[in-house]
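Have a look at the structure below before the remarks.
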Amino acid sequence: MTKIDAERRLSDLLIDDMPVIEIPATLATVVANWFTKLREIRRELMESLGDSIQELSFLNLSQQEFMDLLRGNCLPENLSIRWRIPLEYGGTLDIKNMFLCPTFYAGQNLDRFLLEQSGARTIWIPNPAKKVYIPARMLGGGDGGNATSDRLSAIAAQLAADRGMV
């Protein structure tokens with residue numbers, strides 16, 4: 001698969017607004033305690049999302065879901081944490097190698113895209129620029145104003161104040 005083929009397939013899957021990187025499909029050894037470490041960095045990633053309020057506002061989260069997410073307590077339904085470079089291909093166990101995205105349809109299509117490349121010598125990996133990936137098709141907006149964004153900004157400001165970050 002070439003870069004053009006990868007971009008064309010991502011367009012078919014409605015997730016063509018992410019840059020892709022090419023990596024060798026050489027399997028790497030994954031540390032034995034990776035799942036224990038994953039639990040720690042997953043929470044760290046969620047707690048770091050205070051700088052992603054604009055992106056989070058498009059997810060239509062309730063106030064409780066939003067607060068639980070930023071506190072690292074619970075990942076809301078239909079959200080997934082994904083690897084930028086999967087561990088089995090040499091990805092690292094840290095938050096810089098992770099991003100959050102909606103499970104339906106983006107996460108499912110990311111999985112489909114990676115599985116379609118099974119057996120290739122090199123694979124193309126979608127690699128969003130930010131910690132939260134929102135497909136451009138979800139950003140079209142709708143009726144009303146920016147009340148969700150304003151509400152979440154106020155909640156984030158309160159959370160930051162509670163943590164002594166202001």
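As the structure is a computational prediction, the values presented were derived from the model and not from experiment.
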For [X] against [Y], the heavy-atom pair lying closest together:
X	Y	value
Leu38	Leu93	N-CD2, 4.3 Å
Ile123	Ala25	CG2-CB, 4.0 Å
Ser62	Glu65	N-OE1, 2.9 Å
Pro126	Leu10	CG-CD2, 3.9 Å
Pro76	Leu69	CD-CD1, 3.9 Å
Trp124	Val20	CE3-CG2, 3.7 Å

Same cluster (ILVMFWY, side-chain, under 4.5 Å), [X] and [Y]:
X	Y	result
Leu114	Val30	no
Ile134	Met98	yes
Trp83	Tyr89	no
Leu110	Val132	no
Phe58	Phe99	no

Are the charged groups of Glu47 and Arg43 less than 4.0 angstrom apart, N to O? yes
Any ion pair linking Lys130 and Glu55 (charged N to carboxylate O, less than 4.0 Å)? yes
Intermediate values then yes/no, side-chain contact (heavy atoms from CB on, under 4.5 Å), Ile95 and Ser48: CA-CA 9 Å; Ile95 67 170; Ser48 77; 4.2 Å; yes
Give, for atom [atom1] of [X] and atom [atom2] of [Y], the distance between the pair rounded to the nearest 0.5 Å.
X	Y	atom1	atom2	result
Arg112	Asp12	CZ	CG	11.0 Å
Glu40	Asp94	CD	CG	12.5 Å
Phe66	Leu56	CZ	CG	5.5 Å
Trp34	Ile41	CH2	CD1	10.0 Å
Ile125	Ile21	CD1	CD1	6.5 Å
Lys3	Glu7	NZ	CD	5.0 Å

Knowing that exactly one of Lys131, Met18, Arg82 qualifies, which makes a side chain to side chain contact (heavy atoms under 4.5 Å, CB included) with Cys101?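 Testing Cys101 for a side chain to side chain contact (heavy atoms under 4.5 Å, CB included) against Lys131, Met18, Arg82 leaves exactly one candidate, Arg82.
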For a side-chain contact (heavy atoms from CB on, under 4.5 Å) check, start with the C-alpha distance between Leu75 and Ile81, then their side-chain angles and the critical distance, and finish with the verdict. CA-CA 9 Å; Leu75 190 63; Ile81 294 177; 4.2 Å; yes
Can you see whether Asn33 engages Thr36 through a side-chain donor-acceptor pair at a distance of less than 3.5 angstrom? no
When you check the side-chain N and O atoms of Arg84 and Asn97, is any donor under 3.5 Å from an acceptor?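 No, because no side-chain N or O of Arg84 sits under 3.5 Å from a partner of the opposite role on Asn97.
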Hey, mind stepping through Asn127 and Ile85 against side-chain contact (heavy atoms from CB on, under 4.5 Å) and telling me if it holds? CA-CA 8 Å; Asn127 192 4; Ile85 299 177; 5.8 Å; no
side-chain contact (heavy atoms from CB on, under 4.5 Å) assessment of Thr92 paired with Lys96: CA-CA 8 Å; Thr92 57; Lys96 292 178 183 169; over 6 Å; no
For residues Arg9 and Asp5, determine if any side-chain heavy atom of one lies less than 4.5 Å from a side-chain heavy atom of the other.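 Side-chain contact under 4.5 Å: no.
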Flag the pair Leu59 / Pro102 as yes when at least one side-chain heavy-atom distance between them is below 4.5 Å, and no otherwise.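 Contact flag for Leu59/Pro102 side chains = yes.
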Greater than 12 external heavy atoms within 6.0 Å of Ile4's CD1: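 12 or below, so no.
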